[in-house]
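Here the structure comes first, spelled out in structure tokens, and everything after it is commentary.
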Amino acid sequence: GLMDFLKREGVVYTPVKDVDLGSHSTEFYLQANVKAPRMTGFLVKIFTHLLECPILGTFLLLILKGNNLIHRLIKNAEFQEPPLFVPLHDFEDIKEREVKCLDSSLPPPEKVRLALDCLPTSSQETHDGTNSSFCRWTIMDYAKAYRSGDITPSLVAERFIAAIDESTKPSLQMGFFIHYSVDDILRQAVESTHRYRRGEPISVLDGVPVAIKDEIDCLPYPTTGGTTWLHKERPCNDDACCVKRLRLCGAVLVGKSNMHELGSGTSGINPHYGPARNPYDSSKIAGGSSSGSASLVSAGLCPAALGVDGGGSVRMPASLCGVVGLKPTFARIPHDGVLPLNWTVGMVGILAGTVEDALIVYAAISGEIPYQKIFSVLTSINLPRLSLTKGISDIKLAKYGKWFDDCSNDVRICCSKTLLKLQDHYNWKIIDVTIPEIEAMRLAHYITIGSECSTALDSFKEKNFAELGWDVRVAQSIYGAFSGMEYLKAQKMRNRQLQFHKKIFAEADVIVSPTTGVTAYPIQDDAIKTGELDYVNGAALVRYSIAGNFLGLPAVTVPVGFDRLGLPIGLQFIGRPWSEATLIHLAFAVQAICMSEYKKPKVYYDLLRKKNDSNGM
């Protein structure tokens, strides 16, 4: 009966020291067992109203949580471990191979200059036809074109604006941006053009277009977080720290990219600003929640963009749109000026067309704010010398087979083939391991990000709740229903998982997995106005992302191929804290062997084309 349902037995977790993490462990791999139908349109409205009824809503939520194993795996479970609330890792200068070490308090243009010394010496001849594979224009391509005087930042800005105009036409409606200002883009571009004319560009980022996810403060724009109201409650008065650093390098900040409303979903279907569409097939999702940033970079509009990753929100869309996504260690990039929606799992991340561009932007924006004294020691930043990547052998990749294979056939085959190529080319070793309780970790992260988001919005919600999209109203109802006990037990799971991961990193350099369990799925017409609840696809998209956020570990995704429909597939590496340089090395090695397979998206804008070529699409 009902009481039995509510009193469901909880799991009694074995103490960490007694759990076998080896390849023959008897730990059971529990697949995500999501019991929730896909809902959009009329259905999602009815469901929202039921959830928002005082008594019936509470009852429905109990059933939802019970059905999705929150009671069994978290709420009624017994843990030996104390809770861990923030995944802030003591800074340690870990020994990484072939790196250049820099002081994190250097000015951003200086960091960028040092990053240039780390780029590979001979850029593969991509653009003059000797190498027929597709490659997006890089930051260095922009800097060279500007320095030669062939093309100016102003011309690129005009082309950019024309491309955005094109992309918003009824036939396309790509949904790249929430806000962009033509005047502000042109003003920055003219200033940059003058600097090049004087022969005084600030850095290689000078004049390069960079988009900012609308969860990060960037003047002169409001920060909407994908809503229609949040900017009225929390005005944007200054640039976020990471944006200031890009501005100091001369980047042209081109506007606020579209996102899943409040970051509360993985599809990037925003009912107010339109869905962000995938450049490889505009009838498919871009992924979320940093959907516009991924889509823009993929379509050639910016070599790099900023996103925020609270549960795979940079890596998932990067993977679905065929670009690079880098999410550094918790606290590596200051969070000042980012909407405080999920403060122990959210991190600013970078979306870029190539690994080299991710490295340049990473160098520009990382490093703590010196006066904040978060760490007892001064942190330093390692940058990988990419011309020496080839020589790094004996890398050990930890792979949990059952988890790795819990994805669509196309994803599994493509990612497995890539691993074989890596073993062949670079002599890296695969170590088979077991990572226990992955599904329990996903639920613990869900309770955490939900509680944090609900709390962050608590003072504004009443007044503005009806203005939220229907899918987000459902998410917020669930988020607000977690108890203090559920939150605390989720933090015990966080501690437990961090200990498991530390044990694995004692044996291996990184953990390898696909980035998402599925490729981009269709945007259905019924979802455009109401948003959609699709927890089954949601769980498959987020399957490999959780440790990066919940445990504050750095992670990177690199494009490695396409499914049968020509949609991109990404491979992910998760590293130990502060090992970004190693991750970038590995990502660069993967890019080198997969690059010949890269394909041009159907929606693509060429902003550096020769002066007389047509619109460049």
With side chain to side chain donor-acceptor pair (under 3.5 Å) as the test, would you mind laying out the steps for Gln591 and Thr354 before giving the verdict?
-> CA-CA 8 Å; Gln591 177 180 278; Thr354 61; 5.0 Å; no
Run the numbers on Thr582 and Glu96 for side chain to side chain donor-acceptor pair (under 3.5 Å), then give the verdict.
-> CA-CA 7 Å; Thr582 298; Glu96 295 186 280; 2.6 Å; yes
Step-by-step side-chain contact (heavy atoms from CB on, under 4.5 Å) determination, Cys242 to Leu306 = CA-CA 9 Å; Cys242 51; Leu306 296 188; 3.8 Å; yes
Could you walk me through whether Val314 and Ile350 pass side-chain contact (heavy atoms from CB on, under 4.5 Å), step by step?
-> CA-CA 7 Å; Val314 161; Ile350 298 151; over 6 Å; no
Salt bridge (charged side-chain N to carboxylate O under 4.0 Å, His left out) between Arg564 and Asp410: does it pass, once the steps are laid out?
-> CA-CA 7 Å; Arg564 278 165 304 195; Asp410 287 4; 3.1 Å; yes
For side-chain contact (heavy atoms from CB on, under 4.5 Å), just list the numbers for Thr329 and His89, CA-CA rounded to whole Å, side-chain angles, deciding distance to a tenth of an Å, and then say yes or no.
-> CA-CA 9 Å; Thr329 309; His89 303 282; 4.2 Å; yes
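Using a 4.5 Å heavy-atom threshold, the side chains of Phe573 and Leu397 count as touching. Contact annotation: the side chain of Val560 approaches that of Val590 to within less than 4.5 Å [non-hydrogen atoms, C-beta and beyond]. You'll find the side chain of Ile212 reaches within 4.5 Å of the side chain of Leu246, heavy atoms only. Using a 4.5 Å heavy-atom cutoff, the side chains of Leu541 and Leu320 are in contact. Side-chain contact between Ile511 and Ile504: present, with at least one pair of heavy atoms (C-beta onward) separated by less than 4.5 Å. With contacts defined as side-chain heavy-atom distances shorter than 4.5 Å, the pair Lys429/Gln423 does not qualify. Put simply, the side chain of Val156 reaches to within 4.5 Å of the side chain of Pro209, judged on heavy atoms. The shortest side-chain heavy-atom distance between Met347 and Ile333 does not fall under the 4.5 Å cut-off.
Here Asp405 pairs with nothing under the salt bridge (charged side-chain N to carboxylate O under 4.0 Å, His left out) rule; sequence neighbours left out. Checked against salt bridge (charged side-chain N to carboxylate O under 4.0 Å, His left out), Asp424 has no partners two or more places apart in sequence or in another chain. Taking the salt bridge (charged side-chain N to carboxylate O under 4.0 Å, His left out) definition, one finds that Lys327 meets it with nothing, sequence neighbours left out. Listed by chain and number, the residues in a side-chain hydrogen bond (donor to acceptor under 3.5 Å, both in side chains) with Arg113 are Glu110 (sequence neighbours excluded). The salt bridge (charged side-chain N to carboxylate O under 4.0 Å, His left out) search around Asp90 returns none, not counting sequence neighbours. When the ring-ring contact (aromatic ring centres under 6.0 Å, His included) test is applied to Tyr280, the partners found at least two apart in sequence or on another chain are Phe562.
Side chain of Trp428 to backbone of Ile392: a donor-acceptor contact under 3.5 angstrom is found. Remark: side-chain polar atoms of Ser295 are paired, donor with acceptor, to backbone N or O of Arg277 under 3.5 angstrom. Without hydrogens or angle criteria, Arg609 side chain to Asp606 main chain gives a donor-acceptor distance under 3.5 Å. Without hydrogens or angle criteria, Ser366 side chain to Tyr362 main chain gives a donor-acceptor distance under 3.5 Å. Remark: the backbone N or O of Gly268 is paired with a side-chain donor or acceptor of His260 at under 3.5 angstrom. Side-chain N or O atoms of Ser579 include none that pairs as donor or acceptor with a backbone N or O of Gly575 at under 3.5 Å.
In summary, the side chains of Asp184 and Gln188 do present a donor paired with an acceptor at a separation below 3.5 Å, with no hydrogens or angles considered. With no hydrogens or angles considered, a side-chain donor-acceptor pair links Asp563 and Thr519 at under 3.5 Å. Side-chain N/O atoms of Ser257 and Ser293 include a donor and acceptor closer than 3.5 Å. With 3.5 Å as the limit, one finds no donor-acceptor pair spanning the side chains of Ser104 and Ser380.
The heavy-atom pair separating Leu583 from Ala555 by the smallest distance is CD1-N, 3.6 Å. Heavy-atom minimum distance, Pro601 versus Arg136: CG-NH2, 3.7 Å. Heavy atoms only, all atoms of each residue included: Met140 and Leu116 are closest at SD-CD2, 3.7 Å. In plain terms, the two heavy atoms of Glu368 and Thr379 that are nearest each other are OE1-OG1, 2.5 Å. When every heavy atom of Tyr142 is checked against every heavy atom of Gly300, the shortest pair comes out as OH-O, 4.1 Å. Nearest heavy atom pair, residue Gly307 against residue Ser290, reads CA-OG, 3.6 Å.
The list of ring pair (Phe, Tyr, Trp, His ring centres under 6.0 Å) pairs with a residue in residues 184-216, not counting sequence neighbours, reads Tyr146-Tyr196. Sorted by first then second residue, the salt bridge (Lys or Arg N to Asp or Glu O under 4.0 Å) pairs that include residues 388-401, not counting sequence neighbours, are Arg97-Asp394. Applying the salt bridge (Lys or Arg N to Asp or Glu O under 4.0 Å) rule to pairs touching residues 192-201 yields Arg195-Asp206, Arg198-Glu200, sequence neighbours excluded. Sorted by first then second residue, the salt bridge (Lys or Arg N to Asp or Glu O under 4.0 Å) pairs that include residues 307-324, not counting sequence neighbours, are Asp309-Arg315. Identified under the salt bridge (Lys or Arg N to Asp or Glu O under 4.0 Å) test for residues 292-306, with sequence neighbours left out: none. Applying the ring pair (Phe, Tyr, Trp, His ring centres under 6.0 Å) definition to pairs two or more places apart or across chains, those involving residues 90-118 are Phe91-Trp578.
To the nearest 0.5 Å, atom CG of residue Asp357 and atom CG of residue Leu351 are 12.0 Å apart. Atom CZ of Phe404 sits about 10.5 Å away from atom CG of Asp432, to the nearest 0.5 Å. Between atom CG of residue Leu114 and atom SG of residue Cys101 there is a gap of 10.5 Å, rounded to the nearest 0.5 Å. His585 contributes atom NE2, which lies 11.5 Å from atom CG of Asp509 (distance to the nearest 0.5 angstrom). With rounding to the nearest 0.5 angstrom, the OH atom of Tyr400 is 9.5 Å from the CG atom of Asp406.
Partner Asp117 forms a salt bridge (Lys or Arg N to Asp or Glu O under 4.0 Å) with one of Arg385, Lys111, Lys100 and no other, that one being Lys100.
Salt-bridge formation is not detected for the pair Lys602/Asp281: no Lys NZ or Arg NE/NH1/NH2 atom is positioned less than 4.0 Å from an Asp or Glu carboxylate oxygen. Ion pairing between a basic and an acidic side chain is recognised when a charged N comes within 4.0 Å of a carboxylate O; Glu507 and Lys503 show no such pairing.
Ring pair Phe160/Phe177 is perpendicular by interplanar angle, where above 60° counts as perpendicular and below 30° as parallel.
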